[in-house]
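Input: a single structure, listed below in structure tokens.
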Amino acid sequence: MEITTLSDLLKDGSVKEISRGISVEVCPSMIIEGEDRLSYTTIIRLVECSREHHWQTDVLQLAQNKQLDSICKSLSADFKKPIFVGSRIQITYSITEVRRKSYRLSFHVNAEGTDYQHAVVDMLCVFYDPTTRKAASPPPPVMNHLTEIQENRGSHT
């Protein structure tokens, strides 16, 4: 199994980082042989790439060199409409809840530049200290930034 990472997709040019997410050109290489649309597993992998973008942009830059990771505690998805090869989509995120050691992200998969919604994925992330292998509170600058994003989440674009 080949792992899909944000850096690999950025290198091949099929993905671009945008404010609060990623823009994706759905290439034939993303489609399972014999199909004409993205599988649910590929959509989840692309959502994970948007989460990677969020982590690099909104967390690591403010983590003050503290060892910090996150673990997905729960994941739910609603797949509304198929995403066909050749489509351009945006996967944007908002933070819908912030707690002391966790936060909730909502990802919206839309046709690029429209409100035409293909999928919604919700994820509860728990901050994790890789040294102690326990849930941890992030540094105050991270918490403040995540709370600010939550309070200003009006748009997913």
Side-chain angles (χ1 to χ4, degrees), residues 1-10 14-27 29-32 35 37-63 67-85 87-112 114-130 132-138 142-143 145-157:
M1 177 171 136
E2 189 173 318
I3 303 297
T4 304
T5 66
L6 178 59
S7 62
D8 289 340
L9 292 174
L10 289 169
S14 57
V15 169
K16 293 184 172 85
E17 293 175 303
I18 59 174
S19 175
R20 302 276 184 259
I22 59 174
S23 170
V24 180
E25 179 183 347
V26 180
C27 305
S29 63
M30 296 176 180
I31 307 294
I32 294 173
E35 299 283 338
R37 63 199 173 279
L38 289 178
S39 67
Y40 74 92
T41 56
T42 302
I43 295 168
I44 294 296
R45 287 178 175 160
L46 291 170
V47 165
E48 171 58 18
C49 290
S50 186
R51 191 210 59 83
E52 278 186 71
H53 170 69
H54 147 71
W55 188 258
Q56 293 167 4
T57 304
D58 298 319
V59 177
L60 287 185
Q61 292 183 8
L62 299 170
Q67 283 207 353
L68 188 63
D69 202 348
S70 71
I71 295 174
C72 177
K73 182 174 181 180
S74 67
L75 179 73
S76 66
D78 184 12
F79 302 100
K80 298 171 182 271
K81 297 186 169 102
I83 303 170
F84 295 100
V85 68
S87 300
R88 291 201 62 87
I89 58 173
Q90 290 182 332
I91 304 173
T92 56
Y93 61 88
S94 60
I95 296 170
T96 59
E97 181 181 12
V98 179
R99 295 181 180 174
R100 191 170 57 85
K101 293 184 180 181
S102 66
Y103 67 108
R104 189 174 302 276
L105 289 160
S106 181
F107 296 89
H108 290 247
V109 183
N110 290 1
E112 189 168 79
T114 73
D115 290 331
Y116 186 84
Q117 195 169 76
H118 291 284
V120 177
V121 178
D122 290 303
M123 180 183 298
L124 178 62
C125 299
V126 176
F127 289 105
Y128 176 79
D129 183 325
T132 64
R133 295 185 173 181
K134 293 183 179 179
S137 296
V142 172
M143 285 298 287
H145 185 63
L146 296 181
T147 300
E148 180 182 315
I149 293 171
Q150 177 193 9
E151 290 170 354
N152 296 319
R153 70 176 185 191
S155 172
H156 289 284
T157 56

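What's counted below: heavy atoms across the whole structure, side chains too, no hydrogens, waters or symmetry copies.
- Nearest heavy-atom pair across V98 and Y103 is CA-CB, 4.1 Å.
- Residues L38 and I89 come closest through the heavy atom pair CD1-CD1, 4.4 Å.
- At least one side-chain heavy atom of D58 sits less than 4.5 Å from a side-chain heavy atom of R20.
- Closest heavy-atom contact between C72 and S74: SG-O, 3.4 Å.
- Inter-residue side-chain proximity for Y93 and H53 is flagged as met; some heavy-atom pair is nearer than 4.5 Å.
- For the atom pair Q56 CD and R51 CZ, the distance stands at 9.0 Å (nearest 0.5 Å).
- Atom NE2 in H108 sits 10.5 Å away from atom CG in D78 (nearest 0.5 Å).
- Closest approach of G21 and S50 over heavy atoms only: CA-OG, 3.6 Å.
- No donor-acceptor distance shorter than 3.5 angstrom exists from the side chain of S102 to the backbone of R99, with no hydrogens or angles considered.
- To the nearest 0.5 Å, the span separating CE on M30 from CG on L46 amounts to 5.5 Å.
- Expressed to the nearest 0.5 Å, how far CG of L105 lies from CD of Q150 amounts to 10.5 Å.
- Electrostatic pairing of R45 and E48 does not count as a salt bridge here, judged by no charged N lying under 4.0 Å from a carboxylate O.
- The aromatic ring centroids of H54 and F107 lie 6.0 Å or more from each other.
- Note that the NE2 atom of H118 and the CZ atom of F79 stand 13.0 Å from one another [nearest 0.5 Å].
- Of all non-hydrogen atoms in P130 and Q67, the two that sit nearest each other are CG-OE1, 3.7 Å.
- Listed by chain and residue number, E25, E112 satisfy the salt bridge (charged side-chain N to carboxylate O under 4.0 Å, His left out) test with R88 (two or more places apart in sequence, or in another chain).
- The shortest side-chain heavy-atom distance between T42 and T4 does not fall under the 4.5 Å cut-off.
- N110 has its side chain out of reach of T92: every pair of non-hydrogen atoms, C-beta onward, lies at least 4.5 Å apart.
- Between V85 and C27, the closest heavy-atom pair is CG2-C, 3.8 Å.
- Counting heavy atoms from C-beta on, the side chains of F127 and L68 come closer than 4.5 Å.
- Going from atom OG1 of T96 over to atom CG of L124 covers 9.0 Å, rounded to the nearest 0.5 Å.
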